[in-house]
Each structure stands twice: as structure tokens, then as C-alpha cells.
Amino acid sequence: MLQTINNIVILTGAGVSAESGVATFRGPDGLWEGHRVEDVATPEAFVRDPALVQKFYDERRAKLKTVEPNAAHQALARLDRTWAGELLLVTQNVDDLHDRAGSQRLLHMHGELNSAWCRACDAHFAFEGEMASGPVCPHCHVPGCLRPDIVWFGEMPYQMERIEAALARCDLFVSIGTSGAVYPAAGFVQTARYHGARTLEMNLDPSEGSFHFHESRMGKAGELVPDWVDQVLSHGLC
Ligand code: BV8
């Protein structure tokens, strides 16, 4: 049943950046760039071995300079420029590919590689260098107090109230390229359905939450997303 839509919330995960050459979290070997997630993406890991964690994020930050937005990022940016109704693109990704493609109505719920958080003065600011050497904070001038501005396991994702409000108002919730393994993001589809939204998943293979969606389209984001954006922009239906 096709319905008219006005307000859209889109959630993306690592799968939307896979065709740009950015590693996903749960590859075949279950490791993430050779590490167990709990060894590099928790506050406890940062206390236990700050050098390992800083190196892990310095390498991923540096890699961003070698990759480009793909057709999925570009199609979502085109939707952002054109859609007259409400639109919020919530990404779990910490890469800058949605930003570089031009998406404006964008929210990084798990932080960004190109941002630093000073533990001395609590400043959050754009950062593109390497952190392992203990650079000075440009705000408080204290050296060696920067951490990646990333939401680790056990930490509260950013702007949850804004996300919940958008989910309560949306007519359409679209999930793209995520395994549905991590909460609270994995629960957004249930919140959207509770509020009466239609729900669509586009993913390379079934996710842990596929059964929650009204519709699931299996395939590569670089192929599925541009077709879906064309469909929405030409008919305003889903
Ligand atoms: C919190 C930043 C509370 C790091 C990330 C037990 C039950 C339920 C929940 C929990 C539990 N125990 C603990 C929790 C909470 C925990 C959680 O959910 N754990 C899981 C493991 C069970 N969650 C948290 O800790 C969150 N915080 O709950 O706070 C709180 C309350 C009060 C006060 C304080 C705190 C915080 C979670 C955030 C962690 N940070 N990222 C970094 O990037 O360095 S998570 C990370 O994994 C991602 O950001 C993402 O969110 C998540 C899942 O990754 P995906 O993006 O889905 O990637 P994945 O590889 O898994 O899947 C890729 C998909 O793409 C696949 O399905 C694949 O098929 C598809 N794909 C591949 N190629 C393509 C494709 N699709 C299309 N096209 C392609 N070409």
C-alpha cells in the first residue's frame, strides 16, 4: 500500500560507506580492522591502553583522506537538497562521507573521527591530525588531554532527544546499511512503527531487525539508494 509521506528519518550504518572502501564493523572474521570492538571502542579500553585506542582512531582518521563519497551518499545529499518536508539523516558512522557529499540535515549520533574532545576543558572541536602524540588543546592549551570525539560502548549517543522527536513525527523511517546490532539505534524502527510510520530497510543481507520492517530491499546501497531516492522524489510515495 503506497502512502503519501512528508517527514522522513533515515538511519545509516557502516554498510552505506562500504563501497567507498571504509571497513564495516562486523566483517566475516568478526574483527574490526584487526581488533575486537571492546579492545578499542570503550572508555575502559582508553584507560587500559590509550596508545592503542589513539592509534586505532588516528589510522581511521588518516584513511578518510583516501576515500570518497559513493552513489548512496550522493543520492541522500540530493534528497536532502530537494525534499520540501522534514528530513533527518541520522548516521551511526563516524566518517565524513555524508558531510562531504553535501547532506545538511545530518546528525552523527556516535560522534565523528574529524572531531576532538578535550578532557581538561570539555571543548569539542574540529580535528584532522593525529592524537597519539598528545597535541595541545587549542582552547585550554593543556597538552595530552584530547580523546576521539566518538561515542564508545557504554556512553550515551548524541542528541537522542532530537532523534526521538523526529521519530515521533516521521511518516517514513528508512534504515540503510546497518546490522541492527547496536542499541539504541537498532530500536529506532520500533519507535517509528509505534508512531505509525512506514518502515523500509535497505541492506546487503538481512539484519538482526529485518522482521520489524514493513519492507526490506536486499542489495548494495550504491545501487538501491539512488533508485529509492528517484522513487520518492518523483512520486512522494513509498
Ligand atoms: C548506550 C562508534 C546507555 C565507535 C559505535 C544488551 C542488550 C542491548 C543493548 C546493550 C546490551 N549490552 C550493552 C548494550 C548497549 C550497547 C549495545 O547496543 N551493545 C550491543 C553490542 C549489544 N550500546 C551502547 O553502549 C550505546 N550506548 O547504550 O548508552 C547509556 C545510558 C545512560 C547513560 C550512559 C549510557 C552506545 C553504542 C555506540 C557504540 N559506538 N560506533 C567507532 O565507530 O569507532 S557502534 C558501531 O557499531 C557503529 O557506530 C554502529 O552503531 C554499530 C553497528 O555497526 P553497523 O553500522 O551496523 O555496521 P556493521 O558492520 O555491524 O553492519 C554493517 C551492515 O552493512 C551489515 O548488515 C552488512 O550486511 C551491510 N552492508 C555491508 N556492505 C553493504 C551493506 N549494506 C548495503 N550496501 C553495502 N555495500
Side-chain angles (χ1 to χ4, degrees), residues 10-46 52-64 67 69-73 75-76 89-98 107-117 131 147-161 163-164 174-190 200-210 212-213 216-228:
I10 299 168
L11 173 71
T12 61
V16 82
S17 296
E19 289 156 85
S20 295
V22 178
T24 61
F25 291 85
R26 289 160 188 84
D29 59 4
L31 288 180
W32 179 25
E33 307 249 27
H35 297 282
R36 292 180 328 122
V37 164
E38 49 273 25
D39 291 344
V40 286
T42 65
E44 296 78 13
F46 191 57
L52 170 70
V53 174
Q54 291 287 20
K55 179 173 182 291
F56 176 66
Y57 286 99
D58 282 349
E59 288 170 352
R60 287 174 66 200
R61 192 177 304 111
K63 176 140 193 215
L64 285 187
V67 297
N70 62 50
H73 299 108
L76 292 172
L89 172 52
V90 181
T91 188
Q92 301 172 92
N93 300 340
V94 295
D95 64 51
D96 61 350
L97 295 173
H98 283 306
L107 192 165
H108 284 271
M109 69 178 288
H110 288 161
E112 299 175 69
L113 282 168
N114 288 337
S115 180
W117 179 7
M131 238 178 243
R147 62 160 273 185
D149 190 5
I150 299 279
V151 177
W152 285 325
F153 287 94
E155 295 183 326
M156 178 60 87
Y158 289 142
Q159 302 191 56
M160 282 303 297
E161 286 182 13
I163 296 169
E164 298 288 352
V174 185
S175 175
I176 304 169
T178 180
S179 60
V182 174
Y183 289 82
F188 291 171
V189 58
Q190 293 162 272
L200 167 66
E201 175 185 52
M202 290 182 272
N203 207 54
L204 192 61
D205 38 42
S207 69
E208 294 187 24
S210 287
H212 288 302
F213 288 87
S216 281
R217 297 180 190 175
M218 295 294 113
K220 289 187 174 182
E223 294 162 12
L224 292 177
V225 175
D227 288 348
W228 171 73

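Just follow the structure's listing: the first ligand is 1, and inside any ligand the first atom is 1. All values reported here derive from a predicted model rather than from experimental measurement.
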Heavy atoms only, cut-off 4.0 Å: how does [X] contact ligand 1, side chain, backbone, both, or neither?
{"X": "Ala72", "answer": "neither"}
{"X": "Ala221", "answer": "both"}
{"X": "Thr178", "answer": "both"}
{"X": "Glu19", "answer": "side chain"}
{"X": "Glu155", "answer": "backbone"}
{"X": "Thr24", "answer": "both"}

Run Met218 and Glu201 through side-chain contact (heavy atoms from CB on, under 4.5 Å) and show every step you take. CA-CA 8 Å; Met218 295 294 113; Glu201 175 185 52; 3.8 Å; yes
Parallel, tilted or perpendicular, as decided by the 30° and 60° cut-offs, for the rings of His35 and Phe56: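 Phe56 and His35: perpendicular rings.
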So, does Asp149 use its side chain to make a donor-acceptor pair with the main chain of Gly111 at under 3.5 Å?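 Not a single qualifying donor-acceptor pair exists.
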With only distance considered, is [X] within less than 3.5 Å of ligand 1 through an N or O on each side?
{"X": "Gly13", "answer": "no"}
{"X": "Asn93", "answer": "no"}
{"X": "Ala14", "answer": "yes"}
{"X": "Gly154", "answer": "yes"}

Which option out of [options] puts a heavy atom nearest to [atom]?
{"atom": "atom 66 (C) of ligand 1", "options": "Leu204, Asn203, Val182, Leu224", "result": "Asn203"}
{"atom": "atom 46 (C) of ligand 1", "options": "Phe25, Tyr183, Phe56", "result": "Phe25"}
{"atom": "atom 68 (C) of ligand 1", "options": "Asp205, Val94, Val40", "result": "Asp205"}
{"atom": "atom 41 (N) of ligand 1", "options": "His110, Met218, Glu38", "result": "His110"}

Out of all atoms in ligand 1, which are within 4.0 Å of some heavy atom of Ile150? Include the element for each.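 Those of ligand 1 that fall under 4.0 Å from Ile150 are 2 (C), 4 (C), 42 (C), 44 (O).
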Going by the atom numbers of ligand 1, which of them fall below 4.0 Å from some non-hydrogen atom of Trp152?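 Those of ligand 1 that fall under 4.0 Å from Trp152 are 36 (C), 39 (C).
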Scan side-chain atoms only and decide if His73 and Ser17 contain a donor-acceptor pair under the 3.5 Å cut-off.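 Yes.
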Under a heavy-atom criterion of less than 4.0 Å, does Tyr57 contact ligand 1?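 Tyr57 counts as a contact of ligand 1 under the 4.0 Å cut-off.
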Between Lys55 and Glu59, is the closest basic N to carboxylate O distance under 4.0 Å?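 Looking at Lys55 together with Glu59, the answer is yes, because their closest N to O distance falls below 4.0 Å.
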